[in-house]
Amino acid sequence: MTRSTETPRGAAGSEGAPAAKSLARRSFITLFLLSLAVMVTAVLAATAASYSSYEREAEDYLLAQTRTCAASLEGKSAQDMVETLQALPLTDTRVTLVAADGTVHYDSAVDASTLGDHSQRAEIAQARESGQGVLLRRSQTLGKDTLYAAVSVGDEAVLRLAETRASLASFLGRMGWQLALSLVVIFALSLFASRLLTRMVVRPLQEIDLTRPLQNRAYAELQPLLIRVDEQRRELEDQNDELQRAVTLRREFTGNVSHEMKTPLQVIGGYAELMEQGVVPAQDVPRFAGLIRRESEHMRLLIDDVLALSRLDESTGGDEPVALRQACERVAARLEPASSAKSLRVTLDCQDAVVKGLPSSVEQMVYNLLDNAIEYSPVAGVVSVQVRGEGDGVVLTVSDQGPGIPDELKERVFERFFRVDSSRSRDTGGTGLGLAIVKHAAESMGGTVEVLDAPGGGACLRVWMPAAS
């Protein structure tokens, strides 16, 4: 049995959507009707051709018979001709002898004296003109379809032989059971062929594996659809992978934030409890208060960085023109106390360049780059800030003379809460989110960030951003 692919009546992919049409059903009906029509037409055409061939053979046979009879009448008188014709053993054939003036001398079917002038009969006139004539017409005497063959006899008479013939309808009627059997066979063959062809056409469609669209041996007309399905499948897989990564990062981020805030909270809570219980000597109270202030400051910085990352995750980058040189100068001025505390020299070599983004995000990015360089630079070192135009973009480079970043960690430094030297993380006071904020800010503007080795040792962070037109 043919496996049905028809959608149940009333079923739909979604509420209000039209019911799906069955390709197998439509193909089967079309092929069945087409094959049935073709086969019936072929049988009727063959029957008509057989009828025509049969009639031509009958005409040739009757004409040959008429010639033979006419040859036997040559040189005889009219009376002798009649006697000869009466002796012929022709039971189903009508024999007529017509004189030159159209008078019927003899007719084997009716009394010749009752027949009128036959000189105007078409087959008689044709025989007088060309010596012979063959014609199928309705007999005026008998009232039946009759085949006539006429041959001239000498210069005076015409011999005509006639046979009643069945029409095409009568011919088909006599073949009724044969035609009925043929139609039954045709119906069965059409049904079988249509089911077979439908199955052959639909099976490749039913066997398509949408999990691997391009590995199917499908019709060439389906390749654009399968290519599109494969593209969408890949897009969905990529989106799913990104979603999974996002979920994983968010889970890790939540855990890291909790861990980063837990330590200062424990310190603050412990020292506050000691001070509340009065077990801290008076001379140690300022030191404990300072520790509480530093830990609370660390928590404030952590919260600020977390909020900055959240804003970058939600923002589209902005499209305000931002003067990068002026932003670098403002950040250097804000960090001047931190650089002076380590006797650092911050050099600015900035061309006038304008990028497109959010001014706060751009300044936050510059601040984190310069603050990171100051934190990891040795005392009395040099921190270099450079801004240059490059093609249709702007390059910001911040270099230091610190310990540098190992090659295997150059990609990981942009991960949230990642520190090159975790043992010194509490000493530096950083939150571990600075370079993550830099990366997010650069990417939100359509830029990129990478870690290079500084020419004189240390680390060099290079940010490329599209220039504002």
Undergrad: Decide salt bridge (charged side-chain N to carboxylate O under 4.0 Å, His left out) for Asp453 and Lys410; before the verdict, give the C-alpha distance in whole Å, the side-chain angles of both, and the deciding distance to 0.1 Å.
TA: CA-CA 10 Å; Asp453 293 327; Lys410 286 182 178 179; 3.0 Å; yes

Undergrad: Start with the C-alpha distance between Glu390 and Arg462, add both sets of side-chain angles, then the distance that settles salt bridge (charged side-chain N to carboxylate O under 4.0 Å, His left out), and finish with yes or no.
TA: CA-CA 12 Å; Glu390 184 178 287; Arg462 182 182 185 273; 2.7 Å; yes

Undergrad: Which value, rounded to the nearest 0.5 Å, describes the distance between Leu335 atom CG and Glu375 atom CD?
TA: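 Answer for the CG-CD pair, Leu335 versus Glu375, is 9.0 Å.
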
Undergrad: Can Glu411 and Lys439 be counted as an ion pair, charged N to O under 4.0 angstrom?
TA: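 Looking at Glu411 and Lys439, the cut-off is not met.
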
Undergrad: Is the side chain of Asp400 donor-acceptor paired with the backbone N or O of Ser377 at a distance under 3.5 Å, no angle test?
TA: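 Not confirmed, Asp400 side chain does not pair with Ser377 backbone.
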
Undergrad: Is Leu274 close to Phe288 at the side-chain level, that is, under 4.5 Å between some pair of heavy atoms?
TA: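 Side-chain contact under 4.5 Å: yes.
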
Undergrad: Is any side-chain heavy atom of Val382 closer than 4.5 Å to one of Leu344?
TA: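 Contact flag for Leu344/Val382 side chains = no.
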
Undergrad: Taking the side chain as every heavy atom from C-beta outward, state whether Asp349 and Val385 have any atom pair closer than 4.5 Å.
TA: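 SC-SC contact between Asp349 and Val385 ruled out.
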
Undergrad: Between Gln401 and Pro378, is there a side-chain heavy-atom distance shorter than 4.5 Å?
TA: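 Yes, at least one pair of side-chain atoms sits under 4.5 Å.
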
Undergrad: Nearest 0.5 angstrom please: Met365 CE to Leu435 CG, how far?
TA: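 It comes to 12.0 Å.
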
Undergrad: Do Asn368 and Asn372 have side-chain heavy atoms sitting under 4.5 Å apart?
TA: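 SC-SC contact between Asn368 and Asn372 ruled out.
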
Undergrad: Kindly compute the distance separating OG (Ser194) from CG (Leu33), expressed to the nearest 0.5 Å.
TA: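 Here the interatomic distance stands at 8.0 Å.
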
Undergrad: Take Tyr367 and Glu363 through the side chain to side chain contact (heavy atoms under 4.5 Å, CB included) test and state the conclusion after the steps.
TA: CA-CA 6 Å; Tyr367 181 93; Glu363 195 150 326; 5.5 Å; no

Undergrad: Compare all side-chain heavy atoms of Glu450 with those of Leu452 and state whether any distance is below 4.5 angstrom.
TA: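 A side-chain contact under 4.5 Å exists here.
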
Undergrad: Do Arg195's NZ or CZ and the ring of Phe28 fall within the cation-pi criteria of under 6.0 Å and 45°?
TA: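 Judged by the rule (NZ or CZ under 6.0 Å from the ring centre, within 45° of its axis), Arg195 counts as positioned above Phe28.
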
Undergrad: Is the number of heavy atoms from other residues, nucleotides or ligands under 6.0 Å of Arg345 CZ greater than 12?
TA: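 Open.
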
Undergrad: Tell me yes or no: between the side chains of Arg325 and Gln351, is some donor less than 3.5 Å from an acceptor?
TA: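 No pair is found: no donor N or O on one side chain lies under 3.5 Å from an acceptor on the other.
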
Undergrad: Treating Thr30 as the side-chain partner and Ser27 as the backbone partner, does any N or O pair qualify as donor plus acceptor under 3.5 Å?
TA: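 Not at all, since once roles are kept as given, no pair shorter than 3.5 Å links the two residues.
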
Undergrad: So, for Val40 and Leu183, which heavy atoms are closest and what is the spacing to 0.1 Å?
TA: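 Looking at all heavy atoms of both residues, the shortest contact is CG2-CD2, 4.0 Å.
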
Undergrad: Could you give me the CA-CA distance, side-chain angles and deciding distance for Glu320 and Leu358, then say whether side chain to side chain contact (heavy atoms under 4.5 Å, CB included) is met?
TA: CA-CA 6 Å; Glu320 300 179 37; Leu358 289 174; 4.1 Å; yes

Undergrad: Under the salt bridge (charged side-chain N to carboxylate O under 4.0 Å, His left out) rule, what do Asp238 and Arg234 come out as? Steps first, then yes or no, please.
TA: CA-CA 6 Å; Asp238 292 341; Arg234 293 178 183 275; over 6 Å; no

Undergrad: Taking the side chain from Ser130 and the backbone from Ala127, do they hold a donor-acceptor pair closer than 3.5 Å?
TA: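 Absent.
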
Undergrad: Indicate the atoms forming the closest heavy-atom contact of Ala454 with Ser399, along with that distance.
TA: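 Closest approach of Ala454 to Ser399: CB-CB, 4.4 Å.
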
Undergrad: So which atom in Val280 and which in Met275 form the shortest heavy-atom distance, rounded to 0.1 Å?
TA: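 So the minimum-distance heavy-atom pair works out to CG2-N, 3.8 Å.
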
Undergrad: Ignoring hydrogens, what is the shortest heavy-atom contact between Pro337 and Ala333? Give both atom names and the distance.
TA: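 Between these two residues, the closest heavy atoms are CD-O, 4.0 Å.
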
Undergrad: When rounded to the nearest 0.5 angstrom, what distance separates CD in Gln386 from CG in Leu396?
TA: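 Reported value, rounded in 0.5 Å steps: 9.5 Å.
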
Undergrad: About how many Å separate CD of Gln232 and CD1 of Ile227, when rounded to the nearest 0.5 Å?
TA: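 Rounded to the nearest 0.5 Å, the CD1-CD separation comes out at 12.5 Å.
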
Undergrad: For the aromatic rings, using the six-membered ring if either is Trp, is the centroid distance between Phe32 and Phe187 under 6.0 Å?
TA: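 Yes: the rings meet the under 6.0 Å criterion.
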
Undergrad: Going through the distances and angles, do Glu231 and Arg228 end up as a salt bridge (charged side-chain N to carboxylate O under 4.0 Å, His left out)?
TA: CA-CA 5 Å; Glu231 292 175 351; Arg228 180 57 182 160; 3.4 Å; yes

Undergrad: Using 0.5 Å steps for rounding, measure from the SG atom of Cys328 to the CZ atom of Arg330.
TA: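 Taking SG in Cys328 and CZ in Arg330, the distance rounds to 9.0 Å.
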
Undergrad: With a 4.5 Å limit on heavy-atom distance, are the side chains of Thr347 and Val383 in contact?
TA: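 A side-chain contact is absent here, since even the closest heavy-atom pair is not under 4.5 Å.
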
Undergrad: Can you check whether Val395 reaches Val387 side chain to side chain, under 4.5 Å on heavy atoms?
TA: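 No, too far: nothing below the 4.5 Å cut-off.
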
Undergrad: Leu324 vs Val366, test: side chain to side chain contact (heavy atoms under 4.5 Å, CB included). Steps then yes/no.
TA: CA-CA 9 Å; Leu324 193 56; Val366 177; 4.2 Å; yes

Undergrad: Please name the pair of heavy atoms, one in Ser339 and one in Ile374, separated by the smallest distance, quoted to 0.1 Å.
TA: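 Shortest heavy-atom contact: CB-CD1, 4.1 Å.
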
Undergrad: Check the pair Glu163, Thr146 against side chain to side chain contact (heavy atoms under 4.5 Å, CB included), reporting the backbone distance first and the verdict last.
TA: CA-CA 6 Å; Glu163 291 180 351; Thr146 306; 5.8 Å; no

Undergrad: Can you name the nearest heavy-atom pair linking Leu62 to Ala162, along with the distance?
TA: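 Closest approach of Leu62 to Ala162, heavy atoms only: CD2-CA, 4.3 Å.
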
